[in-house]
Amino acid sequence: MKKFSILIAGGGSTFTPGIVLMLLDNLDKFPIRKLKLYDIDKERQDIIAGACEVILREKAPEIEFLATTDPEEAFTDVDFVMAHIRVGKYAMRELDEKIPLKYGVVGQETCGPGGIAYGMRSIGGVLELIDYMEKYSPNAWMLNYSNPAAIVAEATRRLRPHSKVLNICDMPVAIEERMARILGLKSRKEMTVRYYGLNHFGWWTDIRDKEGNDLMPKLKEHVAKYGYLVNDGGDNQHVDASWQDTFLKARDVYALDPDTLPNTYLKYYLFPDEVVAHSNPNYTRANEVMDGREKFVFTECKKVIENQSTEGCALHIDEHASYIVDLARAIAYNTHERMLLIVENKGAISNFDPTAMVEIPCIVGSNGPEPLSIGEIPQFQKGLMEQQVSVEKLVVEAWITRSYQKLWQAITLSKTVPSAKVAKQILDDLIEANKGYWPELH
Ligand code: NAD
Ligand code: G6P
Ligand code: MN
């Protein structure tokens, strides 16, 4: 069996240890000869890398390991780049969330003005990774889950249309794991789903078991009462109380269209007033993550480095991240796995912009994804998606043309924003906060 060389870009991410442990747990399915970490923040990455080195020494000493901030060293001799960078890190996420909230608008990592601000930072960072990959390992594939994935995907479509980048999100995977638990199934893989939308903006229309039995009625019964809350914990990533609120809120989102089951992120667009009312403008999700996941992961990694052993270490396998291995295997072994990916519509949703980047089921093989046909979507979803895709396209247009006007239009068009006046106030604050990260607008 061929062994692969993997580069994790954004090596200093809080998710890196969980993904490395997951990769090591799947070596029988996806053998690895070399594992590298790449980041632009050496100090941050060194802590994660120090722990990963010990983990690898204990569990798979045969794998060559390297952490670097040098693009040539990182991107040379690589088969797959797994990219999860956060341009501006949590300090900028905090501002993305707090600036809109100052004006009574949703403050969220990927939705509304915060997501737009993050998009304006991410585009350049992700394009840089693609260019390094194409320069040093032209045959490699990039599996990108750097956010905001919708805007990043549109930017790659516009600016790197021929590059081998697959944009993917874990939210549908995490919700499907919850669905499987609701149904008493062993795995989400026992379900075949139909789903369509934009990233963080979609709906399930059909869910069946392998015999073709319709599982939607039982799921709907649960979601109508409890949203996607399950009493046995769900996945180990979305555990904080604020995530439980989000899973419960899916109940109200579902009530609006009982023909489908919604993605949790729709709450930010459909109930923005309630979201704002429940937000603390001085302590947002970024603060929760810095005080929670970031502190936990870095404390554990430092312990591993100090002890030069993982004994007693609480870092855990990010089991639900195994969808990344499924995707890499689909490319490497032509498995034709059916997965939800963010791809150019090209008529798959027949009554929607063919150039939109949509999240739909695809069959993935060694020459990439083949999107499945969705057909016509209803007026409600179409209307929402047309508005949101226009926001995403205007952001990318603004980034390319350095246009203040387009970005003002993008923020104004977001369903989370009440007026052009508020949009302008938020935009002017975001420009100030993002100096050095955004292109200069005129
Ligand atoms: P994090 O801040 O802990 O890690 C991100 C790392 O990226 C940092 O170490 C930072 O230094 C590095 N980085 C920033 N700019 C870079 C650049 N230009 N080149 C190389 N490295 C760079 O963030 P996190 O919370 O662990 O999340 C990482 C990313 O994964 C985020 O984009 C997050 O939104 C995304 N994410 C996506 C999904 C999904 O479903 N698509 C799920 C979870 C997380
Ligand atoms: C989900 C989404 C990701 C997002 C993450 C945020 O997994 O699919 O795109 O980055 O949630 O989680 P956090 O714990 O950082 O708020
Ligand atoms: Mn996501």
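Just follow the structure's listing: the first ligand is 1, and inside any ligand the first atom is 1.
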Under a 3.5 Å threshold, yes or no: a donor from one side chain and an acceptor from the other, between E359 and N263?
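Result is no, nothing qualifies.
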Just by distance, no angles: are the side chains of Y323 and R188 close enough, under 3.5 Å, to form a donor-acceptor pair?
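No - no donor-acceptor pair under 3.5 Å links their side chains.
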Closer than 4.0 angstrom: is that true for some heavy atom of [X] and an atom of ligand 1?
X: E109; value: yes
X: V289; value: no
X: A9; value: no

Atom indices of ligand 2 within 4.0 angstrom of R93 heavy atoms, with elements
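Listed by number with element, the hits are 13 (P), 15 (O), 16 (O).
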Taking 4.0 angstrom as the limit and counting only heavy atoms of H238, give me the atoms of ligand 2 inside it, by number and element.
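That gives atoms 1 (C), 7 (O), 11 (O) of ligand 2.
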Checking contacts here: is it the side chain or the backbone of [X] that comes within 4.0 Å of ligand 1, counting heavy atoms only? Could be both or neither.
X: R44; answer: side chain
X: I168; answer: backbone
X: C169; answer: both
X: Y323; answer: neither
X: R293; answer: side chain

In terms of atom number and element, which parts of ligand 1 are under 4.0 angstrom from non-hydrogen atoms of D170?
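Those atoms are 39 (C), 40 (O), 42 (C).
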Only heavy atoms of D41, strictly under 4.0 Å: list the atoms of ligand 1 that pass.
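Checking each atom against D41, I get 11 (O).
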Residue among T264, N147, T110 satisfying side chain to side chain donor-acceptor pair (under 3.5 Å) with H200:
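So the option named by the test is T110.
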F75/Y136 aromatic ring centres below 6.0 Å:
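For F75 and Y136, the ring centres are not under 6.0 Å apart.
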Starting from atom 25 (O) of ligand 1, which protein heavy atom do you reach first, and at what distance in Å?
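Heavy-atom neighbour on the protein nearest atom 25 (O) of ligand 1: Y90 OH, 2.4 Å.
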Less than 4.0 Å is my threshold; does some heavy atom of Y145 fall inside it relative to ligand 2?
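No; Y145 lies far enough from ligand 2 that no heavy-atom distance drops under 4.0 Å.
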Could you check whether any side-chain N or O of W438 sits under 3.5 Å from a backbone N or O of A117, counting only pairs where one atom can act as donor and the other as acceptor?
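Here the side-chain-to-backbone pair exists.
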Mind running side chain to side chain donor-acceptor pair (under 3.5 Å) on K267 and T246 for me, showing each step along the way?
CA-CA 8 Å; K267 80 165 189 180; T246 293; 2.9 Å; yes
